[in-house]
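To start, the structure under review is shown below, and the notes come after it.
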Amino acid sequence: MTNNGDTPVRVRFAPSPTGQLHLGGLRTALFDWLWARRTNGQFILRIEDTDRRRFDPESLESLTRGLKWLGLDWDEGPDIGGPFAPYVQSERQEIYREKALELIELGHAYRCFCTPEQLESMRNEQRRAGKPTGYDRRCRNLTDDEIKERLDKGLPYVIRFAVPLEGVTVFDDLLRGEIAVDNRDLRDEIILKADGMPTYHLAAMVDDHLMQITHVLRGEEWLSTAPIHKRIVDACGWDMPVLVHLPVILDPSGKGKMSKRKKQVAGKEFLALVHEFESAGYLPDAMFNFLTNVGWNYDPDQEVFSREEAIDKFQLNEINPSAAALPYEKLDWLNGLYIRSLTPAALKAALLPFLSRQLGLSFAELNAGGKLDILIPVIQERIKRLDEAASWLDWAFLDSNQICYDNPKLLIGRKLDAAKSAELLREGALLLGRVQPFSGDTIQEEFRAKAEEFGVKAGSFFGPIRGAISGKKVSPPLFESIEALGREEAVQRIERAASILEEQFAEVET
RNA sequence: GCCCCCAUCGUCUAGAGGACUAGGACUCAGGCCUUUCAAGCCUGCAACAGGGGUUCGAAUCCCCUUGGGGGUACCA
């Protein structure tokens, strides 16, 4: 218990393959992984697929992909095996069945022949009477003869765990301390279903024991069933692993557990699934950093840290037991920070798939002319997510006649009129046609000199040029943009813009 | 309804009886810088849910209230 990281632990992430991995699950896995790495222990992946109805074959891929994306590698698992294989519960069915039968022998469990319909009407009655719902244990005291009779008739049955009717059950939670629950509030939970599959209550306890798990990290939603788990483990004569119930992650609204379901909060859609964060262009390192600081705190005065630093400092018992909403704005800020820390080459590599997908261009097309090599370094400090790059760069991959100059404001400089702006555009085109060398620095020098010559502010001159080059009010820095475009294309765009502007004010004047 | 858990700025958090005029970060506001937008730097706004105790002393310990969350399935 008093493990500060000196004793190797065995922890497991045990998701059930019922859908896409979401951030809450990933965070649990992250803390598992952190603790395993911190203690030089093992991180185990176990698949809890005991619910055949909810099984989703695609979720397995989502699970492993999500873990790998964040950089969480496991030491034992379905794909790589290990000393306690198999790591898929549906392949361990016999083990649970035997244990359930054994518990019956020991008097800790019993067969229940109640049908789902019977149970449903029982619950309805309980609700109507304003009583707590829960199995009324009508099969708990069946005589041997009664049981035999039903068995002979081939009636389907489940196996329920028989909790003590009186007294209290006490267990420990690492973050909350000792928790005592009155046994009268406990239910005779099903441990083996009619289809022969175990429920979580049995399967997880059996596997945690067999796989020698030392610390169980799981969501807080399991806290209320922990007494049952304690009872089952006791009945089996085993030791309870250290229980660590992680606080749930709340909706951004702070109301309710974050779900996989898309919800709108304050009119904005927020991300919840791991693959959504990936395709929005959050960097794994940033996400790792971010997630580590929700529910745990690396250092009150240091927001940014590496994986190694986190491993070095991580302490299970420092986890904050209160539920938290994800600070999405902080994620954006952090991700921007990580993007800025990338080398241009690394950023380009990360960006290529996004640009390709969003702009509909091949890598080769994107690389042509070396535009990205000039432009990426200058948009680096302007994007917080990888998926924002496309709108910063799209203009550079358009033909000059595809640029839209419909908005006259785009081409008119601050405190200038249309005529003057058009004149400046012509001058700019002329200048670009002859400037040597054609580099951002020299272009800038010439343009500044020209602005002075005309007695206009640099910004007033650059505005129309920016509009002509990019078709946008807001664009990457002008002179790198011009350089990236190349002399011919740049001149063409400015001339076309000038013509359009001239037409427009000619119309107005006549 | 019943059971369990939780409670510091809007959000993520630091704080484990005196070092707290409650610290950091994000967001927001203002300023500087500036070719747009960013980035960067500086400044500012902003919290111990309420009430009782315990103590010389409480954000820190106890109780109650309130609020929030979780559970209440042949789901995990």
Side-chain angles (χ1 to χ4, degrees), chain A residues 14-18 48-51 53-54 112 114-116 119-120 123 126-127 129-135 156-160 173 175-176 179-182 184-187 189-195 197-201 203-204 218-227 245 247-248 250 252 254-257 290 293-304 320-334 336-337 340 378-384 392 414 444 447-448 451 457-463 465-467 470 472-479 481:
Chain A
S16 68
T18 53
E48 309 214 324
D49 58 344
T50 53
D51 185 344
R53 291 180 53 131
R54 293 204 303 154
C112 168
C114 296
T115 65
L119 295 173
E120 184 54 34
R123 274 192 294 267
Q126 289 168 332
R127 268 189 283 265
K131 288 186 178 170
T133 56
Y135 183 55
Y157 64 88
V158 301
I159 297 178
R160 287 182 184 271
D173 175 272
L175 309 180
R176 291 159 250 262
I179 295 172
V181 176
D182 195 316
R184 280 169 300 202
D185 293 321
L186 266 28
R187 309 202 201 316
E189 299 289 351
I190 292 171
I191 57 175
L192 201 80
K193 299 184 267 190
D195 66 0
M197 279 290 186
T199 59
Y200 175 92
H201 305 307
R218 41 145 62 159
E220 195 184 344
E221 61 269 22
W222 290 109
L223 195 57
S224 53
T225 43
H245 291 95
V248 296
L250 268 21
K255 286 190 77 79
K257 189 169 73 160
F290 171 72
N293 250 352
V294 176
W296 183 69
N297 188 250
Y298 174 77
D299 183 313
D301 294 311
Q302 189 184 338
E303 293 287 328
V304 185
N320 184 163
S322 50
L326 291 177
Y328 283 81
E329 313 81 12
K330 204 166 182 173
L331 205 213
D332 282 342
W333 165 76
L334 241 194
L337 219 58
R340 274 170 257 140
V378 299
I379 66 159
Q380 184 157 17
E381 65 197 29
R382 279 158 241 269
I383 59 174
K384 289 188 158 81
W392 278 100
R414 269 182 24 163
Q444 172 156 205
F447 269 62
R448 285 190 185 283
K457 289 215 160 204
S460 300
F461 183 26
F462 299 169
I465 303 288
R466 177 186 308 283
S470 65
K472 294 168 190 259
K473 277 301 251 193
V474 175
S475 82
L478 222 208
F479 304 103
S481 297

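Labels below follow one simple rule: chain letters A, B, ... track the order of the sequence lines, proteins then strands, and each chain is numbered from 1.
The gap from the C1' atom of B:G70 to that of B:G30 amounts to 43 Å, rounded to the nearest Å. B:A19 and B:A58: their C1' atoms are spaced 15 Å apart (whole Å). Here the separation of B:C62 from B:U11, taken at their P atoms, is 24 Å to the nearest Å. Atom C1' of B:G69 sits at a distance of 16 Å from the matching atom of B:A49, rounded to the whole Å. Across the C1' atoms, B:A38 and B:C33 are found 12 Å apart, a figure rounded to whole Å. With C1' as the reference atom, B:A25 and B:A14 are 11 Å apart, rounded to whole Å. On the P atoms, B:G24 is 12 Å away from B:C42, given to the nearest whole Å. Taking atom C1' in both B:G31 and B:C64, the straight-line distance is 49 Å, to the nearest Å.
Note that the CZ atom of A:R466 and the CZ atom of A:F479 stand 8.0 Å from one another [nearest 0.5 Å]. The NZ atom of A:K330 lies 4.0 Å from the CD atom of A:E303; values are rounded to the nearest 0.5 Å. A:S481 OG to A:I465 CD1: the interatomic distance, rounded to the nearest 0.5 Å, is 12.0 Å.
Here A:A458 lies out of heavy-atom contact (under 4.0 Å) with every strand. Within 4.0 Å of A:I383, counting heavy atoms only, lies no atom of the nucleic acid at all. Here A:G219 lies out of heavy-atom contact (under 4.0 Å) with every strand. In this structure, A:E303 reaches the bases: a heavy-atom distance under 4.0 Å links it to at least one base atom across the strands shown. Residue contacts shown for A:L223 are limited to sugar-phosphate atoms, with no base heavy atom under 4.0 Å away. If you check every strand for non-hydrogen atoms under 4.0 Å, A:P132 touches a base. A:C114 comes within 4.0 angstrom of a base, heavy atoms only. At the heavy-atom level, A:F479 lies under 4.0 Å from base atoms of the strands shown. A:V294 comes within contact range of the sugar-phosphate backbone alone, with a heavy-atom separation under 4.0 Å but no base atom that close. Among the heavy atoms of the strands lying under 4.0 Å from A:Q444 is at least one base atom, whether or not backbone atoms are also near.
Using a 30° and 60° split on the angle between ring planes, A:F461 and A:F447 fall in the parallel class, below 30°.
Looking at the side chain of A:P300, the nearest of the listed nucleotides B:U13, B:G69, B:A14 is B:A14. Listed nucleotides: B:C37, B:C75, B:G23. Nearest to the side chain of A:R54: B:C75. Nearest to the side-chain atoms of A:R382 among the listed nucleotides B:G24, B:U36, B:A14 stands B:U36. The listed nucleotides are B:A76, B:C4, B:C6; the one nearest the side chain of A:W222 is B:A76. In this structure, of B:U27, B:C74, B:C12, it is B:C12 that holds the atom nearest to the side chain of A:A324. With B:A14, B:C12, B:U27 as the candidates, the nucleotide lying closest to the side chain of A:K330 is B:C12. Closest contact between the side chain of A:W333 and the listed nucleotides B:A76, B:C12, B:U27 involves B:U27. Distance from the side chain of A:L119 is smallest to B:C74 among B:C74, B:C12, B:G70. Which of B:U13, B:C6, B:U36 sits closest to the side chain of A:P321 comes down to B:C6.
Taking side-chain N and O atoms only, A:T133 has a distance below 4.0 Å to OP1 or OP2 of B:A73. Between A:K384 and B:A39 there is a side-chain N or O to OP1 or OP2 distance below 4.0 Å. Checking the phosphate oxygens (OP1, OP2) of B:G40, a side-chain nitrogen or oxygen of A:R340 falls inside 4.0 Å. Between A:S470 and the phosphate of B:U36, there is no side-chain N or O to OP1/OP2 separation shorter than 4.0 Å. Note on A:R187: every side-chain N or O is 4.0 Å or more away from OP1 and OP2 of B:C4.
Here the P atom of nucleotide B:A25 and the CH2 atom of A:W296 are 18 Å apart, to the nearest Å. Distance CD (A:E381) to P (B:A38): 12 Å, rounded to an integer number of Å. A straight line from CZ of A:F461 to P of B:U36 spans 15 Å, rounded to a whole angstrom. One can place CG of A:L478 at 16 Å from P of B:A38, the figure rounded to the nearest angstrom. The distance from atom CG of A:L250 to atom P of B:G10 is 16 Å, rounded to the nearest whole Å. Look at OH on A:Y200: it is 16 Å from C1' on B:A73, rounded to the nearest Å.
Side chain of A:S470 to main chain of A:S475: no donor-acceptor pair is present (N/O by atom type, distance under 3.5 Å, no hydrogens or angles). In terms of modelled atom types and a separation under 3.5 Å, the side chain of A:R187 and the main chain of A:T133 share a donor-acceptor contact. Between the side chain of A:E189 and the backbone N or O of A:H201, no donor-acceptor pair lies under 3.5 Å. Side-chain N or O atoms of A:T225 include one that pairs as donor or acceptor with a backbone N or O of A:W222 at under 3.5 Å.
For the pair A:K193 and A:G459, nearest-nucleotide mapping onto RNA chain B gives the more 5' position to A:G459. Comparing A:V474 and A:N320 by the nucleotide of RNA chain B whose heavy atom lies nearest to each, the residue mapping closer to the 5' end is A:N320.
Remark: A:D195 does not engage A:K193 in a salt bridge, criterion side-chain N to carboxylate O under 4.0 Å.
Pairing partner, B:C41: B:G31, with both Watson-Crick or wobble hydrogen-bond distances short of 3.5 Å. Base pairing of B:U36 is not made with any nucleotide, judged by Watson-Crick or G-U wobble geometry with both donor-acceptor distances under 3.5 Å. Judged by Watson-Crick or G-U wobble contacts below 3.5 Å, the nucleotide B:A7 has B:U66 as its partner. Nucleotide B:G18 forms a Watson-Crick or G-U wobble pair with B:C56, both donor-acceptor distances falling under 3.5 Å. Within the shown strands, B:G1 is the pairing partner of B:U72 under the Watson-Crick or G-U definition, both distances less than 3.5 Å.
Contact of A:R176 with B:C5 (side chain to base): no donor-acceptor pair of N or O atoms is detected under 3.5 Å.
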